[in-house]
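Quick notes on the structure that follows.
The first residue in the sequence is number 1, and the count goes up from there.
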Amino acid sequence: MATVALLGNPNTGKTTLFNELTDKYAYVGNWTGVTVDKKMGTLRHTKIAVVDLPGVYSLNPITKDESVAIEYLLHGDPDLILNVTNASQLKRNLLLTIELLEFGTPVIIALNMIDDLNRTNVTYDLPTLAQRLHCQLKATNARNKKGVAQLRDDLVASLTELPPAAALHITYPTLVEQGITQAAKKLVAEHGMTPDFARWLTIQFMNQNQTIRAYAQAHDLKPLLQSAPFYDAQNFENQIFTTRLTFIEDTLAAARRQNTPTSQSELTNQIDRWVTHPLLGLPIFVVIFYLMFKLSFDWIGTPLSDGLNALVSGPISHGANSLLTSLGALSFLKSLIVDGVIAGVGGVLTFMPQIFVLFACISILEDSGYMARAALVTDRLMQMIGLNGKSFIPLIIGFGCNVTGIMATRTIEQPKERLITTLISPFMSCSARLPIYSLFVAAFFARNQALVVLSIYFLGIAVALIMAKVYQLVFKVKGNSNFMIELPQYHLPRPDIILQGTWDKGKGFVKKAGTIIFAGTVLIWLLSNLSFHGPVTDIDQSFAADLGRWLLPVFAPLGVGSWEIVSALLTGIMAKEVISSSMIILFHFTGRTALVATFANLFTPLSAYALLVFILLYIPCFSTLATIKAETGSTKWTIYSAVSSFIIAYGLAFLIYQIGSLFI
């Protein structure tokens, strides 16, 4: 089966184009580093495989995700490369294009976001570009599907009908060309390489591509290894870059045509004067997130959740109980299904509207182009703690799930910065914590739900930034890596992308309801109905009660006076979503309404807030810990993350409750 590889710079619309070309949806985010691994699909109405590779600026990998692209070219053997470019950022994008054209595999260049280019005062003559680059060029706009069908037909034709174009040969300075020619001839003769691949490999080696140099070591490519000191001493890397840049400038100058700009580009500039302003940028960021939480907890999400809760705790619960009674089910089994599964899992699912509204808001910000600005306006703040705006991107992603946030740290170049961002990512308030927030703000902060939840989220960010500064000093991180990010034109969000993006983020929560939450619900129900002497009718005699009472003195300084709360917190280590279902089961309720009413007898607003802070920061869930282990390759850092987060959570919640008690 033929294979097409999609390669391009970040923020060229590559993943959107992948979704339009194929029968598979891949998550789209309008900022650097969303695609952190290759994604597979099939070209619509064909059997041609399409591989969506991470967005990269060059084939010389700096980050983990960039290494995926070069490794695929070395070992994946694609039949065709679709190079997706931002039509209005060609000078930068074509640096990668040249590397792909030199590779020797046929290349088609998609000038994506062509509408953005047409709104400026410059356009390009496509035949001139095609003639100078020796490949096909196709104008597309994946957002509105412009040119996508024609591009799909051209891809099929190129693979089945048209002869492949020859590899691009740029004439480098004399000494560089001599080195390329000599090494390439030896590679062809001694290792059986094709001339195009041998030339490309030599240029990449001269360019100090560390992945290529490791490849040369592994395959004992003596023509390259023996000449490495000479290449480096002559600074071939800089000569290659300068030659390529000159070639790009000459090519664009020959193809450039004047155009009449539209108002869209000017509108983007006018908006950016405010949202990326050095002083106003952060306050605007805060206001936007506040409005997100108002929508999720006050205006839309909570009313929908209340209606779903009434359905689950009322007709569904009573109906299941009546059905099981009529079938003559054992009381033990009936209690497991009604009081355990329906009350527990159903109780968590009632929070879906709030979670999905929040995810819809985030998808709108992503698709509109604002999230790239959010990373930019936070860059100055991140620089103060030894990181940069690129580290803020995984933190934003962590609002959805800490697992994906930690995986997104692969885009960070410096190993120490990547480790620091990994360690602070669990402090971001993921969607799994939203159900428990919703319970407490409904009970104690009904008039200020959005503001209280916003304060929790920003407290997590504050703790993360403080710990990042501590790690910077401990790890002795002296210099910051450069932060470069494309700022796309603002777009009106597409409803289909918003709906699909919302579902893509939220489906993990639904899947957990059928797996981890279900398992946790059954486990806590068993612990609350069994003891060393067998089944019990009094929950105070159960395993859960014994364990909760044993640990209660530890949590008493935080304002927790109920063993049920302690037992529920323990299940949160499995998955934070299980905390809510555990509380419903342990208190023997059928839904969240009764649980919210009970909180008034167990907490004060101060102790409730302290507990929310503890839940925000304490031990990450199993999935997050497993991801930390996978990304750092270290059990030590995994254990450290679990222990340190518990200490920080306990210490901060202790201070809030104890100091607050002096004044309230």
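Between the side chains of Gln472 and Glu417, no donor-acceptor pair of N or O atoms lies under 3.5 Å. No side-chain N or O of Thr171 forms a donor-acceptor pair with one of Glu177 less than 3.5 Å apart. Between Asn86 and Asn93, the side chains place no donor N or O within less than 3.5 Å of an acceptor N or O (distance only, hydrogens not considered). Looking only at atom types and distance, the side chain of Asp154 has a donor-acceptor partner in the side chain of Gln150 under 3.5 Å away. Side chain to side chain, Thr140 and Asn112 meet the donor-acceptor criterion of an N or O pair below 3.5 Å.
At least one donor-acceptor pair under 3.5 Å links the side chain of Thr85 to the backbone N or O of Ala110. No donor-acceptor pair under 3.5 Å is formed between the side chain of Ser227 and the backbone N or O of Leu224. Listed for the Thr632 side chain is a donor-acceptor partner under 3.5 Å among the backbone atoms of Ser634. A donor-acceptor pair is defined here as one N or O able to donate and one able to accept, closer than 3.5 Å; no such pair exists between the side chain of Arg257 and the backbone of Val122. Using modelled atom types, one side-chain atom of Thr46 and one backbone atom of Leu43 make a donor-acceptor pair closer than 3.5 Å. Remark: side-chain polar atoms of Asn209 are paired, donor with acceptor, to backbone N or O of Leu59 under 3.5 angstrom.
Shown are His169, Met193, Glu102; of these, the side-chain contact (heavy atoms from CB on, under 4.5 Å) with Arg199 is made only by His169.
Using a 4.5 Å heavy-atom threshold, the side chains of Leu7 and Leu82 count as separate. Side-chain contact between Thr3 and Ile48: absent, with no pair of heavy atoms (C-beta onward) separated by less than 4.5 Å. With a 4.5 Å cut-off on side-chain heavy atoms, Asn83 and Ile108 do not count as touching.
Phe230 has its ring centre less than 6.0 Å from the ring centre of Phe236.
Of all the heavy atoms in Ile70 and Pro61, the pair that sits closest is CG2-CG, 3.9 Å. Shortest non-hydrogen contact noted between Ala142 and Gly13 is CB-O, 4.4 Å. Closest heavy-atom contact between Leu126 and Leu137: CD2-O, 4.3 Å. The heavy-atom pair separating Ala87 from Leu90 by the smallest distance is O-CG, 3.5 Å. Contact detail for Tyr231 and Pro223: the closest heavy-atom pair is OH-O, 4.1 Å. What you find for Arg143 and Thr16 is that their closest heavy atoms are N-CG2, 4.3 Å.
Residue Arg92 holds its CZ atom at 13.0 Å from OG1 of Thr97, rounded to the nearest 0.5 Å.
In Lys186, the NZ atom is not crowded: 12 or fewer heavy atoms of neighbouring residues, nucleotides or ligands sit closer than 6.0 Å.
The aromatic rings of His75 and Tyr215 are tilted relative to each other, their planes meeting at an angle between 30° and 60°.
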Evaluation steps, side chain to side chain contact (heavy atoms under 4.5 Å, CB included), between Ser431 and Phe399: CA-CA 6 Å; Ser431 61; Phe399 286 158; over 6 Å; no
